[in-house]
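Working notes for the structure below.
Residue numbers begin at 1 in each chain, while the letters A, B, ... track the order of the sequences.
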Amino acid sequence: MPELPEVETIRRGLQELIVGKMIEIVSFDTAKSFPNNRSDVNQFLVNAKIKSIRRRAKVLLIDLSTNYTLVIHLKMTGQLVFVNNMARFGAGHPNDSLIGVLPDKSTRVTFDLADGSHLYFNDQRKFGWVRLIPTAEVPNINFMKKVGPEPLEADFTASEFTERFKRRSKTTIKAALLDQTVVAGIGNIYADESLWGAKINPKRLVNTITNAEFKRLYKEVRLVMNLSIEKGGSTNRNYVNAEGKKGSYMDFARVFRREGLACTRCGTEIIKLKVTGRGTHICPNCQRI
DNA sequence: CACTTGACCTGTCCGC
DNA sequence: TGCGGACAGGTCAAGT
């Protein structure tokens, strides 16, 4: 589901909602969604206090007072939704409509917090996972060792962006954008949106992209993902933030899921095609081969 | 090594 | 309404 802007939106929500709280009870069913055993949970998670919420690429990191960290990947349909305790906060809280709705059949892990509130990890397709590992081990997991730089960091430059793509010269620019080892956090929505903004056809091979085009693409990646964070992310299907609310970036999308509609730049009909196995949206006039 | 393809799951939508 | 197939925000392992 979520790409960088959606995960960042969830991170900001959880920062406000759960930092400082104590985890009291953890329930989970399948090892697929949460592979840790009960003994780890009892030792390092139960009675742990939530210290901070970090994000790296599309991964959320919940740091605990036990010096363990919950590492969470939402993949396609994962959600992390907080439901408060009405007795403490009273009716009228923004997500009190979720009381009695969650947990539901997609709930894989439930964290009951000591103040009576709850955090639910829901995941319809079961691709996502939660893992509990020592905080010091986080940088050593395979994904963290291989993942590329954060594209929205202030010190991430257009030349670094360009250099990293040039290592992947023989693949398509769309495949390279989706490759997390090149640059972190870009997924199918923002790849299409950025390529439209930079007027680059997604099937172009990386070694045909000019420096001027890379510079435009760099700017578009940052523009599009910053705008999406401002809009609370994209709700294409399942995505909701930490309060169970949808994001509104799709109202501003320029190609993604707009097939059959007019390009906002030239009026040509947006079409959908397949590039490296992924549904891809382009303006055939603005984004020529 | 670089690159592509299928697998992992459940649910929904579309055409017959 | 039913049924089959394609498709969905992402990674991996295994293949070429």
Nearest-0.5 Å distance that lies between atom [atom1] in [X] and atom [atom2] in [Y]:
| X | Y | atom1 | atom2 | result |
| --- | --- | --- | --- | --- |
| A:Thr135 | A:Leu61 | OG1 | CG | 9.0 Å |
| A:Leu177 | A:Thr172 | CG | OG1 | 8.5 Å |
| A:Ile173 | A:Lys203 | CD1 | NZ | 15.0 Å |
| A:Asn201 | A:Cys283 | CG | SG | 10.5 Å |

Discussion item. For a quick check under 3.5 Å, do A:Thr77 and A:Asp123 share a side-chain donor-acceptor pair by atom type?
Written reply: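 Note: A:Thr77 and A:Asp123 side chains meet the donor-acceptor criterion.
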Worksheet item: Under 3.5 Å, is there a donor-acceptor pair between the A:Asn236 and A:Ser234 side chains?
Response: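 The answer is no; no qualifying pair exists.
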In whole angstroms, how far is the [atom2] atom of [N] from the [atom1] atom of [X]?
| X | N | atom1 | atom2 | result |
| --- | --- | --- | --- | --- |
| A:Asn236 | C:dG10 | CG | C1' | 14 Å |
| A:Leu177 | B:dC3 | CG | C1' | 16 Å |
| A:Glu3 | C:dA8 | CD | P | 13 Å |
| A:Ile189 | C:dC7 | CD1 | P | 18 Å |
| A:Phe256 | C:dC7 | CZ | C1' | 11 Å |
| A:Asn238 | B:dG11 | CG | P | 10 Å |
| A:Gln79 | B:dG11 | CD | C1' | 13 Å |
| A:Met250 | C:dA8 | CE | P | 12 Å |

Just to be sure I understand the rule, does [X] reach a base, reach only the sugar-phosphate, or reach nothing, if contact means heavy atoms closer than 4.0 Å?
| X | result |
| --- | --- |
| A:Ser106 | nothing |
| A:Tyr249 | nothing |
| A:Gly279 | sugar-phosphate |

Worksheet entry | B:dC9 and C:dA14, which share atom name P, separated by this distance in whole Å |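 Rounded to whole Å, the distance is 15 Å.
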Worksheet item: Mind checking the C1' distance from C:dC12 to B:dG11? Whole angstroms is fine.
Response: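 Roughly 23 Å separates the two C1' atoms.
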Fill in: Side-chain touch A:Ile72/A:Leu80, heavy atoms, less than 4.5 angstrom
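SC-SC contact between A:Ile72 and A:Leu80 confirmed.
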Worksheet item: Can the positive tip of A:Arg108 be found less than 6.0 Å from the middle of the six-membered ring of A:Trp129, inside 45° of the ring normal?
Response: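 Ring-cation test returns no.
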Discussion item. Within a 6.0 Å radius of atom NZ on A:Lys246, are there more than 12 heavy atoms belonging to other residues, nucleotides or ligands?
Written reply: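 It does not: A:Lys246 NZ has 12 such atoms or fewer within range.
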Discussion item. Can you build the contact string for nucleotides 11-16 of chain C? Use B for base contact, S for sugar-phosphate-only contact, and - for no protein heavy atom under 4.0 Å.
Written reply: SS----
Discussion item. Suppose we call two aromatic rings close when their centres sit under 6.0 Å apart. Are A:Tyr218 and A:Phe214 close by that rule?
Written reply: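 So the answer is no for these two rings.
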Discussion item. Looking only at the aromatic ring of each residue, does the gap between the centers of A:Tyr249 and A:Tyr239 stay below 6.0 angstrom?
Written reply: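 Ring centroids of A:Tyr239 and A:Tyr249 are no less than 6.0 Å from each other.
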Practice prompt. Answer yes or no for this row: A:Phe127 ring on B:dC9 base, centroids under 5.5 Å, planes under 30°.
Written response: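 So no, this residue does not stack on that base, at least one cut-off failing.
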Using atom names, set out every protein N or O paired with an N or O of nucleotides 4-7 of chain B below 3.5 Å, distance rounded to 0.1 Å.
from	atom 1	to	atom 2	distance (Å)
B:dT4	OP2	A:Thr171	OG1	2.6

Response to the item:
Its dot-bracket string being built from Watson-Crick and G-U pairs below 3.5 Å, with | for another strand and [ ] for crossing, DNA chain C has the pattern .|||||||.|||||||
Practice prompt. Among A:Arg55, A:Arg222, A:Lys58, find the one that has a salt bridge (Lys or Arg N to Asp or Glu O under 4.0 Å) with A:Glu150.
Written response: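 The option that passes is A:Arg55.
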